[in-house]
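First the proteins, then the strands, lettered A, B, ... as listed; each starts at 1.
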Number of protein chains: 2
Amino acid sequence: MPADRGQSGPPTISEVAAEAGVGRATAARTLGGYGYVGPELRERVLAAAEKLGYRANALARSMSTGVTHTLGVIVADIGNPFFAGVLRGISDTSRARGFDTIVLSTYEDLDEEVAAANVLIDKRVDGVIIASAAVDRREVAHIRAAIDRDIPVVLVDRMVPSLDLDTVVIDNRDAAREAVETLIAAGHRRIGFVWGPPMAEAPATRRDLLAEAARNLWSDQERLRGYLDALDDARIPFDPELVMVGDKTEEHCTQEVARMLALPDRVTAVFCTEAEAVTGTLRALRTAGLSYPRDISLIGFDDNPWASVMDPPLTMIEQPVHDLGAKAAEVLLDILGGADPRHETHVLRSRLITRASVAAPS
Amino acid sequence: MPADRGQSGPPTISEVAAEAGVGRATAARTLGGYGYVGPELRERVLAAAEKLGYRANALARSMSTGVTHTLGVIVADIGNPFFAGVLRGISDTSRARGFDTIVLSTYEDLDEEVAAANVLIDKRVDGVIIASAAVDRREVAHIRAAIDRDIPVVLVDRMVPSLDLDTVVIDNRDAAREAVETLIAAGHRRIGFVWGPPMAEAPATRRDLLAEAARNLWSDQERLRGYLDALDDARIPFDPELVMVGDKTEEHCTQEVARMLALPDRVTAVFCTEAEAVTGTLRALRTAGLSYPRDISLIGFDDNPWASVMDPPLTMIEQPVHDLGAKAAEVLLDILGGADPRHETHVLRSRLITRASVAAPS
DNA sequence: CTGTTAGCGCATTCAT
DNA sequence: ATGAATGCGCTAACAG
């Protein structure tokens, strides 16, 4: 236990120096682990530090060195297992290289994202990883602000074309295409796309849909493209009624799937772009008294323990969440270590885990 | 966009002052929002700041004020929805009161927890919330270190009796008792307790079990007590074979439930103390070719969207995760605001959500 | 109302 | 090898 010096606040390096009977600089050198210090004085300083319970003030240190040894991370929603996994990848590799990480969740709100960026800038983090990027050109001022201050930025999961930054993503388009192809191979032609762009009403044409998608999250639009790719390859006509638009909430998803299920020529399969969309879809099935894969087939993004214990177990797409984060941290730390930013897009592979939620249409 | 002054690093308050043609202090006062500044100079300073893209250096500010306006949060596992929810409660209320929050996840590792505490101390956070507390007396040195430095600490979910701190928890014991009572009321007498203490082998006696439990996570032992309470009230003898011990992993859980299922007098119901234990249990059921609630009844902790879309839907205990975090932040911020620490235990109510995983034993 | 001055705790020249 | 002095960017007394 630290000796109680009637002082106010935690012990400073000066107090340690005094206790050890040496100059400040000597104490600073041994405690900071730099410069030369004789073995004897070194011992005395260490003993004094131990006795007083000294811990370096990271603020003061950063103040004079100009670096904080900490990475700032902005995620869209820390409650989403996808981001939680990415985060773990980031913190594992950054801590392994001696960096702390401070994470801020925007809960999918742009204002929050801007605020988060400012917090990180103000706290002088050495680098920033963003897994929650706005897409619109006018919405990236806060990211540019960081870059202008020479704070390296790496993006994860969501690409921002107008920014030209190192970005780590998965093969969203391929993954979506593979999933939908799987559905098609099983014989489906009426395939719902659940969790689309947040437009007010159904797109009149395929072109409208793509135009709208382009204004939204990058990963979302890639998944939509993959869906369309698969349809095209199989010469299945695009039907705007089979794509969900509007709020991305589980509740709205349930409504939309219910709608697609009530269509004269109803959907026989559904492709979900997110785990929450899967639960929303399942809820709609239950209400409609339908069961999978008998009445309807189902493939969703973001595998998780629940998907595998469902009865029947769900065929899902698994993302390399940990690697996504690890890679991002790696790239960022390399830049901080002096490497030139490559402004590359690093694509990691996802994996379709085949289980039992796909069958031939009834 | 900030003007590019061939300078190095972001603009400082001195540069803003120079640009505005005023003294440092005047610039500092208007930018820092304290003291009196004439309307005209104020305008000039603001304009200069805007022009240079000035942002206050939080490090420097904290350096001289001694406060950081940030809360440190240590959680056991940020990938666990329970903690993610608590975290949101914390960040919502702390940001509403002008505090940033920096969160560190220990991934249930004590060394990580100690490291996390040190990071927070070094970064001079104003207060700390811990939702991941070690229990053993010798393991709380890092928490005590914070307290010794006059950093207020509030605990969430896990109580540490030896510390006498403000603590926010739910009625774990009651919640568990209610769940097990529900099972008993349905006619069950062979009820498994899944996710128990990490002892090497099954406890010989009830006393052994409790002794071991006392050395573990507080919420876990409370849940065990609730289980025993319910058994006692119904005069059902305690059977050590019906409690899982060992690693708290989904995999081991599956093994243990399989074991209980293979017993001559097998379990007819299972009470799970965590969501992961539920998926582990479901996996065991599948392998055994059993289904609920026909062959076995089931109640688990930590409700979530998946539990409600299972077929049949699961009866689960819902914790007020957001409130838990919000309350903790509130208590902590009140202390920082000058209130005396009450060293109270704040108990929030959980709720049993009855669905369809409980039936009479077959 | 405004400008000058002195720290906050540490790292880092520069003499010694 | 060690100590004294200076500065990081900001707040806060203090004069004026």
Side-chain angles (χ1 to χ4, degrees), chain A residues 5 7-46 48-49 52-70 121-126 149-150, chain B residues 5 7-46 48-49 52-70 121-126 149-150:
Chain A
R5 320 139 296 118
Q7 305 276 115
S8 65
T12 72
I13 217 167
S14 302
E15 305 181 46
V16 173
E19 174 75 28
V22 303
R24 295 206 229 283
T26 303
R29 274 191 281 259
T30 96
L31 264 12
Y34 59 93
Y36 300 99
V37 174
E40 179 184 350
L41 292 194
R42 178 183 179 70
E43 270 318 307
R44 296 221 318 258
V45 171
L46 256 22
L52 298 182
Y54 172 81
R55 298 223 103 234
N57 182 332
L59 270 48
R61 178 168 287 176
S62 297
M63 198 72 239
S64 66
T65 59
V67 299
T68 51
H69 276 287
T70 110
I121 290 175
D122 294 348
K123 285 194 187 305
R124 296 301 192 263
V125 296
D126 295 336
R149 283 178 158 68
D150 294 315
Chain B
R5 322 140 293 118
Q7 304 277 115
S8 65
T12 72
I13 216 167
S14 302
E15 305 181 45
V16 173
E19 173 75 27
V22 303
R24 294 205 231 285
T26 303
R29 274 190 283 259
T30 96
L31 264 11
Y34 60 93
Y36 300 97
V37 174
E40 178 184 349
L41 291 193
R42 178 183 179 71
E43 271 317 307
R44 298 222 316 256
V45 171
L46 257 21
L52 298 182
Y54 173 82
R55 299 224 99 232
N57 182 330
L59 271 47
R61 178 170 286 174
S62 296
M63 199 70 239
S64 66
T65 59
V67 299
T68 51
H69 275 289
T70 110
I121 289 176
D122 293 349
K123 286 195 187 305
R124 298 301 193 261
V125 297
D126 295 336
R149 283 177 156 68
D150 294 315

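Rounded to whole angstrom, the span from the CG atom of A/Asp122 across to the P atom of D/dG9 amounts to 14 Å. Atoms CE (B/Met63) and C1' (C/dG7) sit 10 Å apart, rounded to a whole Å. As a whole-Å value, the separation of A/Ile13 CD1 from C/dT12 C1' is 12 Å. Rounded to an integer number of Å, the gap from B/Ile121 CD1 to C/dG9 C1' is 17 Å. B/Leu31 places its CG atom 8 Å from the P atom of D/dC10, with the value rounded to the nearest Å. Rounding to whole angstrom units, CZ of residue B/Arg24 and P of D/dC10 are separated by 10 Å. Put simply, CD on A/Glu15 is 10 Å from P on C/dC8, counting in whole angstrom units. Atom CZ of A/Arg44 is separated from atom C1' of D/dT2 by 12 Å (rounded to the nearest Å).
Residue B/Leu41 is in sugar-phosphate contact alone, with no base atom involved, counting any heavy-atom pair closer than 4.0 Å across all strands shown.
The two residues B/Lys123 and A/Thr68 come nearest to each other via the heavy atoms NZ-O, 4.3 Å. Taking all atoms of both residues into account, the shortest heavy-atom contact from B/Arg124 to A/Pro10 is NH2-CG, 3.7 Å. When all heavy atoms are compared, the tightest approach of A/Ala27 to A/Val22 is N-CG2, 4.2 Å. Closest of all the heavy-atom pairs between B/Ile13 and B/Ala28 is CD1-CA, 3.1 Å. Looking at every heavy atom in both residues, B/Asp122 comes nearest to A/Ala56 through OD1-O, 3.6 Å.
Between A/Tyr54 and C/dC10, a side-chain N or O to OP1/OP2 separation shorter than 4.0 Å is present. For the OP1/OP2 pair of D/dT2 and a distance below 4.0 Å, the side-chain nitrogens and oxygens of A/Tyr36 include no atom meeting the criterion. OP1 or OP2 of D/dA12 has not a single side-chain nitrogen or oxygen of B/Ser64 nearer than 4.0 Å. Close to C/dG3, at under 4.0 Å from its OP1 or OP2, lies a side-chain N or O of B/Thr26.
With C/dT4, C/dG9, D/dC10 as the candidates, the nucleotide lying closest to the side chain of B/Ala25 is C/dT4. Of all nucleotides listed (D/dC10, C/dT12, C/dC10), C/dC10 comes nearest to the side chain of A/Asn57.
With hydrogens and angles ignored, a donor-acceptor pair closer than 3.5 Å exists between the side chain of B/Arg29 and the base of C/dG3.
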